[in-house]
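Below: one structure, written as structure tokens.
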Amino acid sequence: MLPFELLIGLRYTHAKRRNHFISFISIVSTAGIALGVMALIVVLSVMNGFQEELRARILGVAAHLEISGPADRLADWRNVLAQAKQNKDVLAGAPYVNAQGMLANGDIVRGAIIRGVLPDMESQVADFSRYMKAGKLADLKPGEFGIILGGELARVLNVYPGDKLVLLTPQGNITPAGVMPRVKQFTVTGIFEAGMFEYDSGLALIHLQDAQKLLRLGEDVSGVRLKLTDLFRAPFVTQDLSLSLRGNYYLTDWTQSHANFFRAVAIEKRMMFLILLLIVAVAAFNIVSTLVMAVTDKQSDIAILRTLGAPPASIMKIFIVQGAFIGVFGTVFGVASGVLLALNLETVVPIIERLAGMDLFPADVYYINELPSKLEWSDVGVIGGVSLLISLVATLYPSWRASRINPAEALRYE
């Protein structure tokens, strides 16, 4: 048999005909908690998805770990790569040449990062094959001076596969007229779209041997890029390699090269959690108001229960049950709607954009061209638990106040 405190508390959740205002406040409190919980789940899911998608796209074009030499020049890269691969966490590696240059198509000139790669080895450390919209990485042949451009860079330069463009590098040639920049004509062999504006608008790929020839590096490269079995072990692998590699090298992993960015995303996630938690807190204040009015309205009932022998603790439990019902119902409804929306956000957002007639998330502002969502059940558990806790705490003062009512005075005023 259920305790009488539970039965009476649940009965009090249904207001009498003359107490519609209390019912209205209860509904508002429930809706406020549900809205806050739903907003928290959706926003944190978006933050999780944004962080994961951004990390995947950055590391799909960048590297888990890079080893470079003094003055950005590495001579014995094959030996360095062989030593690095002895580490059990290193999955693959590839050499690269990095340079800055100007790409020109007629009167249109744009700056870009020029990366020289070996297509067969580069495919093992980067996901360019996944992002290619025209051509393929293997189309880069030594001596043919082909170039693969980011989609936005190709659009700005107004070039397509098969078109010619000119690459100017700051490394100059000494002539009687002075130092002149090196100029070489390239043929566009492909276009990629990584979905990150930074790379799509400023990265161009050429064959490693063409880059060495253009920059007069001989057999040297800028460094070696490594792919790890677990990207989150990058700091530990960096430390291990710094001790095992014989020579003077610079080691940089993705947690260092993008540390400020990912730290900012993590801090933003925490701040969004705290800010949106205020919605739940405001709803909890409504629970306090609801219970205070309910206690005032039920003074005669409380007095009768006390006269019949109900202890103050039982009176407290009655109103705790009433307030907890609001919190539990609001939390359950908020969790259900939040999970449903978070799992279907990629479908909902395009509908909103079509109705609004605008792009809500432009790639040049938000780095990615779509709104990702990743539901973390641990976040759902924390949000639900915190919401229930706030709701429960909000019931304590009104319940304590109800337990302090003097039966004789309450019946006299009634």
Side-chain angles (χ1 to χ4, degrees), residues 58-85 87 90-103 111-128 137 140-150 153 167-173 181-184 186 192 194 196 198-199 201-228 234 237-238 241-242 244-259:
I58 287 175
L59 300 181
V61 178
H64 294 174
L65 196 153
E66 292 185 358
I67 304 174
S68 59
D72 202 25
R73 192 158 179 166
L74 188 63
D76 54 343
W77 67 266
R78 290 180 178 83
N79 179 45
V80 172
L81 183 56
Q83 291 183 54
K85 283 186 175 181
N87 189 296
V90 176
L91 186 63
Y96 71 93
V97 169
N98 258 4
Q100 295 183 354
M102 299 289 290
L103 296 171
I113 299 296
I114 310 300
R115 181 185 297 172
V117 299
L118 289 176
D120 54 340
M121 298 183 71
E122 184 68 16
S123 298
Q124 300 175 23
V125 299
D127 296 330
F128 280 107
L137 199 61
L140 294 178
K141 306 291 184 181
E144 295 185 2
F145 292 96
I147 189 169
I148 297 176
L149 304 176
L153 182 59
L167 171 61
L168 299 88
T169 62
Q171 292 82 3
N173 294 319
R182 295 174 192 166
V183 180
K184 182 63 182 179
F186 280 78
F192 71 87
M196 281 200 63
E198 177 184 358
Y199 294 124
S201 64
L203 180 62
L205 305 177
I206 63 177
H207 196 277
L208 184 74
Q209 293 183 19
D210 293 343
Q212 290 172 328
K213 187 181 298 184
L214 183 66
L215 301 175
R216 297 182 179 176
L217 295 177
E219 293 296 321
D220 295 355
V221 298
S222 297
V224 172
R225 291 152 44 86
L226 302 178
K227 183 175 184 179
L228 309 180
V237 178
T238 301
L241 291 179
S242 65
S244 62
L245 289 177
R246 295 180 295 274
N248 296 321
Y249 307 108
Y250 296 104
L251 284 79
T252 307
D253 62 71
W254 69 272
T255 64
Q256 295 172 319
S257 56
H258 301 89

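Residues satisfying the side-chain hydrogen bond (donor to acceptor under 3.5 Å, both in side chains) criterion with Thr255, sequence neighbours excluded, are Asp253. Taking Lys85 as the reference, Leu81, Val90 meet the side-chain contact (heavy atoms from CB on, under 4.5 Å) condition, with sequence neighbours excluded.
Of the possible polar contacts, none joining the Asn98 side chain to the Arg115 backbone as a donor-acceptor pair under 3.5 Å is found.
At least one side-chain heavy atom of Leu118 sits under 4.5 Å from a side-chain heavy atom of His207. Side-chain contact between Leu74 and Tyr249 is present, with heavy atoms from C-beta onward closer than 4.5 Å. At a threshold of 4.5 Å between non-hydrogen side-chain atoms, the residues Gln83 and Ser244 do not count as touching. Residues Leu226 and Val237 form no side-chain contact, since every pair of their non-hydrogen atoms from C-beta on lies 4.5 Å or further apart. In this structure, Leu214 and Ile114 have side chains that are not in contact, with every pair of non-hydrogen atoms separated by 4.5 Å or more. Side-chain atoms of Leu103 and Leu167, non-hydrogen and from C-beta on, do get closer than 4.5 Å to each other.
Expressed to the nearest 0.5 Å, how far CD of Glu122 lies from NZ of Lys227 amounts to 11.0 Å. Atom CD of residue Gln256 and atom CG of residue Leu251 lie 8.5 Å apart, to the nearest 0.5 angstrom. Trp77 CH2 to Ile67 CD1: the interatomic distance, rounded to the nearest 0.5 Å, is 12.5 Å. Annotation: the span from Leu208 atom CG to Glu219 atom CD amounts to 9.0 Å, rounded to 0.5 Å.
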Can you list the steps and then say if Phe192 with Leu203 is a side-chain contact (heavy atoms from CB on, under 4.5 Å)?
CA-CA 10 Å; Phe192 71 87; Leu203 180 62; 3.9 Å; yes
Full working for side-chain contact (heavy atoms from CB on, under 4.5 Å) between Val61 and Phe128:
CA-CA 7 Å; Val61 178; Phe128 280 107; 3.7 Å; yes
Would you please test Arg225 and Leu65 for side-chain contact (heavy atoms from CB on, under 4.5 Å) and show each step?
CA-CA 6 Å; Arg225 291 152 44 86; Leu65 196 153; over 6 Å; no
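Of all heavy-atom pairs spanning Leu137 and Ser123, the tightest one is CD2-OG, 3.6 Å. Closest heavy-atom contact between Met121 and Gly93: CE-O, 3.4 Å. In terms of heavy atoms, Leu153 sits closest to Gly111 at CD1-O, 4.5 Å. Shortest non-hydrogen contact noted between Leu215 and Ala99 is CD1-CB, 3.6 Å. Across all their heavy atoms, Gly146 and Ile206 have their closest contact at O-CG2, 3.7 Å. Listed here is the closest heavy atom pair of Tyr250 and Gly69: CD1-O, 3.7 Å.
Residues in residues 61-74 take part in these side chain to side chain donor-acceptor pair (under 3.5 Å) pairs, two or more places apart or across chains: Glu66-Tyr96, Arg73-Asp220.
Counting heavy-atom neighbours within 6.0 Å of Asn248 CG, excluding the residue itself, gives a total of 12 or less.
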